[in-house]
There are 2 protein chains.
Amino acid sequence: MAQQSEAVHRAPLNRERVLSAAVVLADEAGVDSLSMRKLAQELGVVPMALYKHVANKEELLDGMVDVIVGEIDTRPAGSGWRSEVRQRVLSARAVLLRHPWAHRVLESRTNKTPVVLDYMDSVIGMFRAGGFSVDLTHHVMHALGSRMWGFTQELFDDSQSAPADVPPEMLQMMAARYPHIAEMAMAGAHDDGSVVGLGCDDQFEFEFALDLLLDGFERLHQQGWTSARR
Amino acid sequence: MAQQSEAVHRAPLNRERVLSAAVVLADEAGVDSLSMRKLAQELGVVPMALYKHVANKEELLDGMVDVIVGEIDTRPAGSGWRSEVRQRVLSARAVLLRHPWAHRVLESRTNKTPVVLDYMDSVIGMFRAGGFSVDLTHHVMHALGSRMWGFTQELFDDSQSAPADVPPEMLQMMAARYPHIAEMAMAGAHDDGSVVGLGCDDQFEFEFALDLLLDGFERLHQQGWTSARR
DNA sequence: CTTGACAAGTGTACGCCGTACACCTAGTTT
DNA sequence: AAACTAGGTGTACGGCGTACACTTGTCAAG
């Protein structure tokens, strides 16, 4: 009947609830501290109960990726391959920024789920619809690489210790040992003379690189590139 | 004296031996199965002995990165920023290919060691020596991203299940569902009619993208790019 | 109404992991 | 001779993923 026994009657777990709870947990506490046990606890359930809905932790992570990829806005937008691709990649980026753990998980997956394949297929389709040859599309997809998901490995991430909390003599030493890094870090310094390094706008950098690549793609395409080898 | 007590007298552990043993172990068994315990066993020592030489596993991984980065050939080569950068990046790639686990570790490090900073500083220096403005160098380094280490996230890695071992009807279904991926996979098919997909030369793809980026950098530099913002 | 199948959740247990902490043991310094 | 110290040991703890045997609630077939 409607009422269950005296044990707290909760909505009966299912794969979807498990996955979205996992996503929430990862959002809140980081993916490293996401364990089957904690997830179970969050869901008010014993750890082994999860295994009725996901085969193992690998599959849980796969499912979480699917959830994230499902959030990407894939509604057709823009006209012409270039603006379509650009729009799509920036949509993906918006999602990835909401789930900072997701790009690490995405990277680590080796088996692609249907959802992921769908996404890739649709991006490839944009180039093909734009008249790119199969070969050029192939190379261009490789060149995009992880940027098709809206991220790239950040090498100097902005979280690079706010210079404020580093003692000045330390900065002096750093500047002596790594002159070029220091120079670059200082480039954004304002007129107030304070050492406010790395005023680095990630979004700008991302779009800068993306547009550089798209420029290159466009140039190759326009000059009728077909194949450089064989 | 020279001879120790009857316990097997082995060379006295040190940081260097620990790190290179860890690298060997990761090369052989993959970085995922590298544990402090296995490493200790490999060195004929009790797990806790390692902690006299590395603070914890994080620092072990940092040290392993240092070992790998130290293998990169940094002897000056080529003339002009472009060939220097190109050469350097390809050297890094050669090392990363010898240690397939390394790029995942490299990605995951957040704290940069002096060795890593040295490497980055020297790459930045190449652009600066080539006359790039500080600003342009900054953007260009971001655009290079992980490619400065000779890798990029591979999205369709060649290990994508050799088509031979997949039943044909499965391939049919895949082709129907992911038409663009299938088309691309078939592009390399030989004349023998067999479905031999993804004859994908990773090295070619890497250099293709690298050169595309370098082209872009060169173009911006030549047209006297200084700053697009502010 | 019984029965048996089945899906969902439970409880216990195992082997692995990183590492804190107290200890031992040589060799070196004082 | 005494104190110090660097390097290696042994034990133990809490956390992890998950195998496996179990109970329990639901429902269709006899």
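In the text below, chain A, chain B and the rest are named by the order of the sequence lines, each starting its count at 1.
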So which of residues 48-67 of chain A are in contact with DNA chain C, with a heavy-atom cut-off of under 4.0 Å?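 Residues of residues 48-67 of chain A that come under 4.0 Å of DNA chain C are, in numerical order, A:Met48, A:Ala49, A:Lys52, A:His53.
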Among C:dG11, D:dT9, D:dT18, find the nucleotide with the atom closest to the side chain of B:Val46.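 Ranking C:dG11, D:dT9, D:dT18 by closest atom to the B:Val46 side chain puts D:dT9 first.
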Considering only residues two or more places apart or on different chains, which pairs with a residue in residues 34-49 of chain B satisfy salt bridge (charged side-chain N to carboxylate O under 4.0 Å, His left out)?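 The answer is none; no pair qualifies.
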Give me each pair satisfying salt bridge (charged side-chain N to carboxylate O under 4.0 Å, His left out) with a member in residues 50-65 of chain B, each pair once, sequence neighbours excluded.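 Salt bridge (charged side-chain N to carboxylate O under 4.0 Å, His left out) check on residues 50-65 of chain B returns B:Arg15-B:Glu59, B:Glu58-B:Arg109, B:Asp62-B:Arg109.
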Thinking salt bridges, do [X] and [Y] make one under a 4.0 Å N-O criterion?
{"X": "B:Asp66", "Y": "B:Lys112", "answer": "no"}
{"X": "A:Arg86", "Y": "A:Asp211", "answer": "yes"}
{"X": "A:Arg104", "Y": "B:Glu107", "answer": "no"}
{"X": "A:Arg177", "Y": "B:Asp118", "answer": "yes"}

Separation of atom [atom1] in [X] from atom [atom2] in [N], rounded to whole Å:
{"X": "A:Arg17", "N": "C:dG9", "atom1": "CZ", "atom2": "P", "result": "9 Å"}
{"X": "B:Met36", "N": "C:dG15", "atom1": "CE", "atom2": "P", "result": "23 Å"}
{"X": "B:Leu39", "N": "C:dC17", "atom1": "CG", "atom2": "C1'", "result": "14 Å"}

Got a list of protein N/O to nucleotides 13-15 of chain D N/O distances below 3.5 Å?
none

Quantify the bending of the helix from C:dC1-D:dG30 to C:dT30-D:dA1 as the angle between its end axes, each fitted on five pairs, to 10°.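 End-to-end axis angle for the helix from C:dC1-D:dG30 to C:dT30-D:dA1: 20°, rounded to 10°.
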Sub-4.0 Å heavy-atom contacts from residues 18-29 of chain B onto DNA chain D, ordered by number: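 Nucleic-acid contacts, sorted: none.
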